[in-house]
Amino acid sequence: MKKSSISRILSFAGVYKALTYTGLFLSAVAMICGMVPYICIWLVMRSLISVAPNFSEAGQISFYGWIAFSFAVGGILIYFCALMCTHLAAFKTASNIRKKCMEHLMHVPLGFFDNNGSGLLRNRLDGAASETETLLAHNLADISGTVAMFISMLVLMFIFDWRMGASCMLSAVISIFMLFVMMGGKNAKLLAEYQGALDVMAKAGTEYVRGIPVVKVFQQTVYSFKAFKNSIEDYSRKASLYTDGVCRLPQSINLTVTEGAFVFLVPAVLFLAPRAYSSGSFAKFLTDFAFYAVFSAVVSTALARIMFASSGGLIANTALKRIEYIMNAPVLEESKSPKQPLDNSVEFKNVTFTYEGSSIPALSDIAFRVEAGTTVALVGPSGGGKSTAASLIPRFWDAGSGEVLVGGINVKDISSEVLMNHIAFVFQNNRLFKTSILENVRAARPEAGREDVLRALEAAQCSDIIQKLPDGIDTVIGSEGTYLSGGEQQRIALARAILKDSPIIVLDEATAFADPENEVLIQKALETLTKKKTVIMIAHRLSTVVGADKIIVLDGGRIVESGTHDQLKTAGGLYEQMWTDYNKSADWKIKKVEG
């Protein structure tokens, strides 16, 4: 039997689940205590009416007053204790959700983050955790109290005069029906679509903010970011459709009947009053009427609580979907009997790979071998499959068919820790953490000492960077105006890779965004990094791959050529064409036009 959304969220609470249940019980008790003063009001009015007009003869009025006061204060204190319990449990549950989701994300393939931007994941994770805090800290307590209040109200409504009680409850029936119209049936799907549009807008918004420098430099407008513009329009359209098209009329009716519950009592009173007068029970009738007149105000309060409490289920479903989206992300399957790589070679055996959602393979029957200690370059047109092939080596993705071998062992049979320690990466857009240079470099090998980091920085040609920073390697990046250029960041990333000292290096356009000065320094750092290492190099700038032991040309996900630079540049194939085009672009100059 499938558990409810709230039960599945509470599964994250651990030992604090009992505290949640305690809070819910105390909330119910507090709400029942809050009903007692209304009964005391009825008792006071009964005493007064029974001795009218000699009101001074009415007894126990002060006694009823103290009972009402005691239960009112007691209810407030009990409700405070209930909220203390639910808040503590809610904060711990939200913390556990964040921890477990982050722990799960640590085991998903790194390629998962290519399809799920940081804005989307952050919105899902933080949004879901925040929603569970509101749900567990307030909504569930209100739901528990509302249920207790509603049951108590039903009992009290029919205990004195069921006809007046039924009249008061008519507004509740209409209100509940209006709530179902707004949140049930096909409209629940519209609400889910509205929430989905909010997620998409959050993701597109993050991407837009990151692209603001491009917008400002090229004097573009928001309309150049069509995805962001379209997501805003889609969200606005669905929000308007739900609020104006679905909720306007039902909510207007709901508020009218809940705030005017007393109106439904008037016809019943006009109908019953003559009979009560003729039967000689008019005093009791007035007492009952006074009770229901006062208690009709409670109906609107109860219905308002039901309206807000009913959103708790929707909140739970929405939060759970976000949580389970992350928790259901596929993880890398670890071998039960992991093996160690026999050497530092890399080999692809008839590898085919297709991205999720695509029908066209990104790689088709790829087969090549990189001997230990050699350098192989992957070149070819954009979209040819170079980066995809490189991403399969560290298991950013798993091959659909065929095998990727490291040291003669299938990467699926190597533990992720051993595999990651065996491979170092240098990407074209490396990111630095907002911490010191020391900690940025030491992220590759946390146990490394300060002197080890300094040697790695020197080998990565970073001496000039360290000298100009106010606190040297202890300078925090991104603080007090301390920022590095793209080329400088790349050299820090190279220092990180040098410190890691892995036997296999994957270079993905390591010099793509460097200026000429930085490129020279990066090339020197690469010589240190790749010395006596197995290197898989991805490059568009063909001058960087001339000295590779082997060049593999990929086009359309297939290997179309392979060989050395000297062999391929005269082979009459794609590489020769690329080499010719590259040299033309390198010699291209702006000519002055006379006249």
Side-chain angles (χ1 to χ4, degrees), residues 5 9 94 97-98 101-102 104-105 108-135 182-248 251 311 313-330 354-360 362 382-383 387 396-397 428-429 431:
S5 298
I9 289 175
I97 288 172
R98 289 186 174 96
C101 286
M102 289 302 298
H104 184 81
L105 287 175
V108 303
L110 292 180
F112 172 80
F113 299 97
D114 290 339
N115 296 334
N116 296 272
S118 58
L120 177 63
L121 289 176
R122 180 176 180 179
N123 180 265
R124 288 184 181 276
L125 183 53
D126 281 347
S130 298
E131 285 172 1
T132 59
E133 285 182 12
T134 303
L135 173 68
M182 289 188 287
M183 300 180 181
K186 64 179 182 180
N187 291 333
K189 183 180 179 181
L190 288 176
L191 185 59
E193 290 177 355
Y194 153 76
Q195 188 62 58
L198 182 61
D199 284 343
V200 173
M201 187 175 66
K203 178 182 178 181
T206 301
E207 293 174 353
Y208 171 69
V209 170
R210 289 177 176 173
I212 283 178
V214 177
V215 176
K216 296 183 71 174
V217 168
F218 293 99
Q219 296 297 303
Q220 297 177 8
T221 67
V222 68
Y223 294 100
S224 62
F225 288 80
K226 292 183 179 179
F228 186 37
K229 176 177 177 290
N230 291 341
S231 68
I232 294 175
E233 291 176 346
D234 184 54
Y235 172 75
S236 176
R237 183 170 57 254
K238 289 178 178 176
S240 297
L241 177 63
Y242 184 71
T243 55
D244 294 340
V246 174
C247 295
R248 177 181 292 180
Q251 180 66 350
S311 66
L314 296 176
I315 292 173
N317 285 326
T318 302
L320 190 65
K321 286 179 181 178
R322 294 181 175 187
I323 295 167
E324 290 184 339
Y325 178 84
I326 295 176
M327 294 300 292
N328 291 335
T354 304
Y355 285 104
E356 183 179 355
S358 175
S359 59
I360 302 174
S382 295
S387 295
F396 287 8
W397 305 103
Q428 56 181 308
N429 56 345
R431 293 185 180 275

R98: which residues meet the salt bridge (Lys or Arg N to Asp or Glu O under 4.0 Å) condition with it, sequence neighbours left out? D126, E133
For the side chain of D234 and the backbone of N230, is there at least one donor-acceptor N/O pair under 3.5 Å apart? no
Do the side chain of S240 and the main chain of S236 share a donor and acceptor less than 3.5 angstrom apart? yes
Looking only at heavy atoms, the pair that brings I360 and T354 closest together is O-CG2, 3.7 Å
Work out which heavy atom in A197 is nearest to a heavy atom in Y235; give both atom names and the distance. CB-CA, 3.9 Å
What distance separates [X] [atom1] from [Y] [atom2], expressed to the nearest 0.5 Å?
{"X": "L241", "Y": "K238", "atom1": "CG", "atom2": "NZ", "result": "9.5 Å"}
{"X": "I97", "Y": "T132", "atom1": "CD1", "atom2": "OG1", "result": "4.0 Å"}
{"X": "L105", "Y": "M327", "atom1": "CG", "atom2": "CE", "result": "9.0 Å"}

